[in-house]
Number of protein chains: 2
Amino acid sequence: MKTKKKTTIKDIANVLGITPSAVSKALNDHPRISKETKQAVKQIAENLNYQPNHLASALRKGKSNLIGVIVPRTNSHFFSSVLENIEKILNKEGYKVIITQSNESYRKECENIDTLLFTQVDGIIASLANETINFSHFEKIKTKGIPLILYDRGDNDINVDYIGIDDFQSSHLVVDHLVNQNCKRIAHIGGFRHTRIFKNRILGFNDALAKHNLSLDKELILEGDLTLKDGRKKMKKLLSLSNPPDAVYAASDYAALGALQVMQEHNINVPNDIALVGFSNEPFTSFVKPSITTVNQNAGEIGRIAAETLIKRINQENWKPTLTKNILNSELIIRESSKKV
Amino acid sequence: MKTKKKTTIKDIANVLGITPSAVSKALNDHPRISKETKQAVKQIAENLNYQPNHLASALRKGKSNLIGVIVPRTNSHFFSSVLENIEKILNKEGYKVIITQSNESYRKECENIDTLLFTQVDGIIASLANETINFSHFEKIKTKGIPLILYDRGDNDINVDYIGIDDFQSSHLVVDHLVNQNCKRIAHIGGFRHTRIFKNRILGFNDALAKHNLSLDKELILEGDLTLKDGRKKMKKLLSLSNPPDAVYAASDYAALGALQVMQEHNINVPNDIALVGFSNEPFTSFVKPSITTVNQNAGEIGRIAAETLIKRINQENWKPTLTKNILNSELIIRESSKKV
DNA sequence: TATATTTGTTCCAACGTTTGAACAAAAGTA
DNA sequence: TACTTTTGTTCAAACGTTGGAACAAATATA
């Protein structure tokens, strides 16, 4: 039975009759080590299948070259795309990315932070779980001096860099389009107001209505968790009103889908009777019938900027985290569900 | 400006006037340390916001308590569910889980392995990328003596524990059901044969046809990458046949959806003209019209067993990896797309 | 009272790597 | 020849934690 003993720098040193520190320097291309030694060391390292012990070097250097990402759910197209771009940029800079998911749970989010701090990551990029309304767990990261970047779901109170789209403005895009389609009574199936992005979508919605001189009817604005089920429930409520809406703007594609199902069950023509708009550009919005108009959040850019900002902060000596917002434009993707004929 | 210096075991020792090793033992509930000391140490640790340096303890103990998971794509409901269960079990056992995704790319998969080995994980749970047909990168894990478990997408040649469903048998479930619905000419939109699971679905399909005395028509079996686009392409091909099928069994839900779109564009009644079955029970299969019959893979069980097997292997001294398959039953979820009226 | 046992702690080396200081030898300069 | 500089290496300490050996004090047993 072969031994499982991993080869270390010391083994290489022994083979060549030099010291471990010479080997270390050779492997790290130290200028003072001769070409011959470097070559020999690399050769032996190769032969012995040497893999540096990251734990040891990270301990010594006080830097792990690991970046942690906290994602609410990985089964969302938006978050996977952000992730993909974060990885692309960070890998290029020599960082490895480890992902943890909160599953929208506050408790899980706290654990995620512990895992990442425990792993001694050099930086963290996170998006808040839906459940999260208290932010003290993020303070742990900040007091440790580890750079923290928030994306999509952030909060001013955390006072760090934030990258996301302009939710307020996005609601304007949606309302402008619906008004353009001759809709006069627009309802909003929104998220909980305690989440900053959903609050902004609601505020933007109200503002846009005012801009178009449409009256603001309280019973047309509903808050929920924006799941498919929630979308169904809210749509039923809207249909039961004495004066139902002629358009529905849902703050998530899943909620929009739920609403669509209910309308179809009631033989309501979408978009001619009621127009529908969702949010996030989940892939299914393009392949349901009718296809759903939605807001695209530019996931690629968000990921790229989050990663680049993090690298900047890591290299910035004595950076004191402050609220720095980086707001990107979103884009309305117009599909069948809102194009009246 | 406050200093960023992290508190160590030494700081606690200094405060209390005892040695670092006493502190270490107190924190680890060593039986020889007095109750008073333990309490005092924990109190000070709390006050100083002490977080153990995982790097140091992992280095010393030769165990990181970290488990790496490689997932082909996180934006699939099946993989997210597996992941969720892996995390649940492993967290309970005191392990932290870090996720890396291969995005179905062979190159990325190699990098993922490097990242995980670099992080000194105690074990790896992986599912192969679609692209992967050569497995030498997994040997690195094995020669290091790190336990490796494969799930869903595995290969006999890697010779480790494998957990997945019985793909051969699943095809029988599908065909039995379709035959039961009076289908006589069943087509299969399959995955590439080099991937074990897709090969087995094809073999099972053939075997089931034979069982029902249905002739095996080569032009009704197609191989592809099973994306929505691929499903569309393959369906068009099937419709162009002189004798088109009366049922389509797609080895992925996305391909099934593509096929459904094409059929609807051709005004074909699903299921009465052509019945349709997918694979994986992606959420959208339940909410498209008609809803799609599909095979549920029991993601929860797969995750649970993968995690439990890994823990077993980690604790097994001198375990020599061998091919050990754990095959679970799948379940056919019958929906509108295959229920003839 | 003498001896054995238990209890609570300190001591020290180790995990594998890195890094600045130290040093000897070789090469360059006066 | 004497001195400085350069080159290539070794030395030693450090990163933070752990755990066995050693040890002294307290307690139990004869």
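In the text below, chain A, chain B and the rest are named by the order of the sequence lines, each starting its count at 1.
- As rounded to whole Å, 12 Å separates atom P of C:dT17 from atom NZ of A:Lys61.
- One can place CG of B:Asp29 at 17 Å from C1' of D:dT17, the figure rounded to the nearest angstrom.
- Contacts classified as ring-ring contact (aromatic ring centres under 6.0 Å, His included) and involving residues 114-135 of chain B (residues at least two apart or in different chains) are given here: A:His54-B:Phe118.
- Defined by atom type and a distance below 3.5 Å, a donor-acceptor pair is missing between the side-chain atoms of A:Ser105 and A:Asn103.
- Taking atom CG of B:Leu48 as the reference point, atom P of D:dG16 lies 15 Å away to the nearest angstrom.
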Nucleic acid footprint by protein, nucleotides 8-13 of chain D - heavy-atom cut-off 4.0 Å, B for base, S for sugar-phosphate alone
BBBBBB
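- The number of heavy atoms from other shown groups lying within 6.0 Å of CD (B:Glu46) does not exceed 12.
- Proximity of A:Ser24 to the phosphate of C:dT17: no side-chain N or O atom is located under 4.0 Å from OP1 or OP2.
- Rounded to an integer number of Å, the gap from NE2 of A:His54 to P of C:dT18 is 11 Å.
- Each end of the helix from C:dT1-D:dA30 to C:dA30-D:dT1 gets its own axis, taken as the rotation carrying the C1' atoms of four end pairs onto the next four within a five-pair window, and the two axes meet at 50° to the nearest 10 degrees.
- Screening residues 61-100 of chain B for ring-ring contact (aromatic ring centres under 6.0 Å, His included), with sequence neighbours left out, gives no hits.
- Taking atom CG on A:Asn53 and atom C1' on C:dA14, their separation rounds to 13 Å, with Å as the unit.
- Heavy atoms from other residues, nucleotides or ligands lying under 6.0 Å from CD of A:Gln39 number 12 at most.
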Could you give me the CA-CA distance, side-chain angles and deciding distance for B:Glu308 and B:Lys312, then say whether salt bridge (Lys or Arg N to Asp or Glu O under 4.0 Å) is met?
CA-CA 6 Å; B:Glu308 286 172 354; B:Lys312 200 166 87 189; over 6 Å; no
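- Within the 4.0 Å cut-off from OP1 or OP2 of D:dT18, at least one side-chain nitrogen or oxygen of B:Asn28 is found.
- Under the salt bridge (charged side-chain N to carboxylate O under 4.0 Å, His left out) criterion, B:Lys108 pairs with A:Glu87, sequence neighbours left out.
- Every pair passing salt bridge (charged side-chain N to carboxylate O under 4.0 Å, His left out) that includes a residue from residues 60-79 of chain A is listed here, sequence neighbours excluded: A:Lys63-A:Asp122, A:Arg73-A:Glu104.
- When only modelled atom types and interatomic distance are considered, B:Tyr162 and B:Arg153 share no side-chain donor-acceptor pair under 3.5 Å.
- Per the geometry, CD1 belonging to A:Ile9 stands 19 Å off P belonging to D:dC15, to the nearest Å.
- The nearest whole Å value for the distance from the CG atom in B:Leu59 to the P atom in C:dT17 is 9 Å.
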